[in-house]
Asker: 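The structure under discussion is supplied below as structure tokens; questions concerning it will follow.
In what follows, chains are A, B, ... by sequence order, proteins preceding strands, each numbered from 1.
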Protein chains: 2
Amino acid sequence: MVLRLTGRLARRRGPVGDRCPIDRTLQIVGSRSAFLLLREALYGTTRFDDLVRLTGFTEAVAAKRLKELVDHGLLERRPYQEPGQRTRHEYVLTDRGHDLMPALLALAQWGRTHSPRKDGGPTPLHDGCEAEVRVVMQCAAGHPVVEDELVLTS
Amino acid sequence: MVLRLTGRLARRRGPVGDRCPIDRTLQIVGSRSAFLLLREALYGTTRFDDLVRLTGFTEAVAAKRLKELVDHGLLERRPYQEPGQRTRHEYVLTDRGHDLMPALLALAQWGRTHSPRKDGGPTPLHDGCEAEVRVVMQCAAGHPVVEDELVLTS
DNA sequence: AGGCTGACTTTCCAAGGGCATAGTCAGTCA
DNA sequence: TGACTGACTATGCCCTTGGAAAGTCAGCCT
């Protein structure tokens with residue numbers, strides 16, 4: 001046992017279903033295309049054809065997924081106009097979308113550390129101090145938290 | 001733009017494919033069943049029928065996914081024997097599996113904050129100090145990092 | 001020997017993800 | 001007016017995910 005469970009959670013006899021926030025998150029962004037489109041949005045890509053080209057998904061898949069992400073409020077579809085061009089739309093991350101960043105970084109961190117490829121991928125650095133950035137667990141009092149110091153209460 | 005990209009990453013003209021560690025992670029644990037089985041494993045559930053009952057997946061799905069997770073080294077299938085019982089197997093998280101915890105916690109954190117249900121789900125607390133635990137970005141020098149202080153180098 | 005139980009395996013099915021190709025549509029430019 | 005471009009939309013296909021239900025199999029117990 002690695003984690004201490006208390007309350008209803010410890011007594012559960014069957015699936016917790018919608019009460020699990022991991023599951024609820026996955027219902028919204030649980031596909032590869034959703035994650036990778038959000039990655040691109042985080043990288044600063046906003047135009048439809050750039051999102052298509054840089055993720056490698058087909059236009060059909062991208063259009064469908066982008067629409068879902070907009071519906072769920074992770075992206076905002078915003079009109080803009082370049083001089084001499086007609087009105088277009090760009091997709092920009094909302095606050096809800098930005099809040100997924102720790103999750104994306106955590107997945108990337110695992111991939112860099114544990115997937116076979118040795119050229120793991122881009123290393124995230126802290127601008128200015130240049131030290132590597134990691135995702136860590138920390139309590140509101142500022143203590144670093146390791147796994148067996150964690151209690152789940154429901 | 002929210003994140004600064006440098007090197008190859010900034011110059012890329014097409015999909016990065018396998019060079020993206022997020023994508024590589026998703027190829028391994030990118031399904032709902034994989035995530036939820038890992039969640040259960042993290043909760044300390046080890047036996048096949050408990051994993052089936054508590055995640056709500058069918059035995060067929062659970063068996064298949066567990067096999068994959070074992071193959072990828074996130075779980076270990078380990079024989080054990082209770083007195084007067086025949087030999088059985090339990091599934092326990094390996095170090096590779098444990099390392100996914102920040103990602104799971106980050107997904108849970110997003111779900112609790114942003115998904116409609118008001119009873120968000122279990123709150124993770126720091127054992128002893130009882131403060132809420134969150135996933136945060138931090139550099140090796142110990143500074144908290146916000147999104148626009150992040151540079152990706154490849 | 002036969003039953004029971006935990007741990008699967010097998011078969012069949014529906015829904016969704018993703019690809020390829022082709023078509024649409026609106027506004028700008030020549 | 002017609003071409004061109006960015007941004008979709010439609011169709012058909014295959015593969016994977018996941019569910020339902022039944023079958024298998026090993027070993028302990030009576």
Asker: Using the side-chain heavy atoms of A:Ala60, tell me which of these nucleotides is nearest: D:dG19, C:dA20, C:dT10.
Answerer: C:dA20
Asker: In this structure, how many angstroms lie between the P atom of D:dA26 and the NE2 atom of B:His89, rounded?
Answerer: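 So the NE2-P distance, B:His89 to D:dA26, works out to 13 Å.
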Asker: After noting the C-alpha distance and the side-chain angles of B:Asp50 and B:Arg53, does the key distance pass the salt bridge (Lys or Arg N to Asp or Glu O under 4.0 Å) rule?
Answerer: CA-CA 5 Å; B:Asp50 287 335; B:Arg53 189 168 45 84; 2.7 Å; yes
Asker: Go through D:dA20, D:dA7, C:dG18 for me and flag the one nearest to the A:Arg32 side chain.
Answerer: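 In terms of side-chain proximity for A:Arg32, the closest of D:dA20, D:dA7, C:dG18 is C:dG18.
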Asker: Give a yes or no on whether B:Asp95 atom CG has more than 12 heavy-atom contacts from other residues, nucleotides or ligands under 6.0 Å away.
Answerer: no
Asker: For B:Phe48 and C:dG6, what is the distance between atoms CZ and C1' respectively, to the nearest whole Å?
Answerer: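 My rounded result for the distance is 9 Å.
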Asker: Quick one: A:Glu90 CD to D:dC8 C1', roughly how many Å, whole number?
Answerer: 17 Å
Asker: What are the atom names and distances for every N/O pair under 3.5 Å that joins the protein to nucleotides 22-27 of chain C?
Answerer:
{"from": "C:dA26", "atom 1": "N3", "to": "A:Arg86", "atom 2": "NH1", "distance (Å)": "3.1"}

Asker: Any sub-3.5 Å donor-acceptor pair from A:Arg39's side-chain atoms to B:Asp23's backbone N or O?
Answerer: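 Judged by distance alone, no pair lies under 3.5 Å.
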Asker: Which is more 5' along DNA chain C, the nucleotide nearest B:Tyr80 or the one nearest A:Gly56? Just name the residue.
Answerer: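 Whichever sits nearer the 5' end wins; that is B:Tyr80.
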Asker: Got a donor-acceptor contact below 3.5 angstrom from the B:Arg112 side chain to the B:Thr123 backbone?
Answerer: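 No, because the side chain of B:Arg112 does not come within donor-acceptor range (under 3.5 Å) of the backbone of B:Thr123.
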Asker: Could you list the residues that satisfy salt bridge (charged side-chain N to carboxylate O under 4.0 Å, His left out) with A:Glu68, not counting sequence neighbours?
Answerer: A:Arg65
Asker: Nearest-Å distance, CD (A:Glu68) to P (D:dC8)?
Answerer: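 It works out to 15 Å between those atoms.
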Asker: Output yes when a side-chain donor or acceptor of B:Arg96 lies under 3.5 Å from a complementary backbone atom of A:His114, and no otherwise.
Answerer: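 Checking the backbone N and O of A:His114 against the side chain of B:Arg96, a donor-acceptor pair under 3.5 Å is found.
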Asker: Return yes if some donor-acceptor pair links the side-chain N/O of A:Thr6 with the main-chain N/O of A:Leu152 below 3.5 Å, else return no.
Answerer: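 Side chain of A:Thr6 to backbone of A:Leu152, a donor-acceptor pair under 3.5 Å: yes, one is there.
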Asker: Taking the minimum atom-to-atom distance to the side chain of A:Lys64, which one of C:dC8, D:dA7, C:dG17 wins?
Answerer: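 Of the options given, the side chain of A:Lys64 lies nearest C:dG17.
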Asker: To the side chain of B:Arg77, which of C:dC19, C:dC8, D:dC8 is closest?
Answerer: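 In terms of side-chain proximity for B:Arg77, the closest of C:dC19, C:dC8, D:dC8 is C:dC8.
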Asker: Rounded to whole Å, how long is the line connecting atom CG of B:Leu37 with atom C1' of D:dT17?
Answerer: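 The answer, rounded to whole Å, is 13 Å.
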Asker: Would you say A:Arg65 places a side-chain N or O within less than 4.0 Å of OP1 or OP2 belonging to C:dG17?
Answerer: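 Answer is yes, contact under 4.0 Å.
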Asker: When you measure from the side chain of B:Thr94 to the backbone N and O of B:Gly73, does any donor-acceptor pair fall under 3.5 Å?
Answerer: yes
Asker: Base, sugar-phosphate, or nothing: which does B:Arg53 touch, judged by heavy atoms less than 4.0 Å apart?
Answerer: nothing
Asker: D:dA7, D:dT9, D:dG19: which one has an atom nearest the side-chain heavy atoms of B:Phe57?
Answerer: D:dG19
Asker: Could you state the atom-to-atom distance from CG of B:Leu66 to C1' of D:dT17 in whole Å?
Answerer: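 Going from CG in B:Leu66 over to C1' in D:dT17 covers 15 Å.
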Asker: Can you see if the side chain of A:Tyr91 gets near the phosphate of D:dG6 - specifically, an N or O under 4.0 Å from OP1 or OP2?
Answerer: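 Looking at the OP1 and OP2 atoms of D:dG6, neither is under 4.0 Å from any side-chain N or O of A:Tyr91.
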Asker: Ignoring the backbone of B:Lys67, work out which of D:dT17, C:dG18, C:dT9 is nearest its side chain.
Answerer: C:dT9
Asker: Which whole-number value in Å describes the distance from B:Asp23 CG to C:dG17 P?
Answerer: 16 Å
Asker: Would you say B:Thr58 places a side-chain N or O within less than 4.0 Å of OP1 or OP2 belonging to D:dA20?
Answerer: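 Looking at the OP1 and OP2 atoms of D:dA20, neither is under 4.0 Å from any side-chain N or O of B:Thr58.
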Asker: Which nucleotide in the set D:dT17, D:dG6, C:dG18 lies at the smallest distance from any side-chain heavy atom of B:Ser31?
Answerer: D:dT17
Asker: For A:Asp49 and D:dT5, give me the distance from atom CG to atom C1', rounded to whole Å.
Answerer: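 Atom CG in A:Asp49 sits about 10 Å away from atom C1' in D:dT5.
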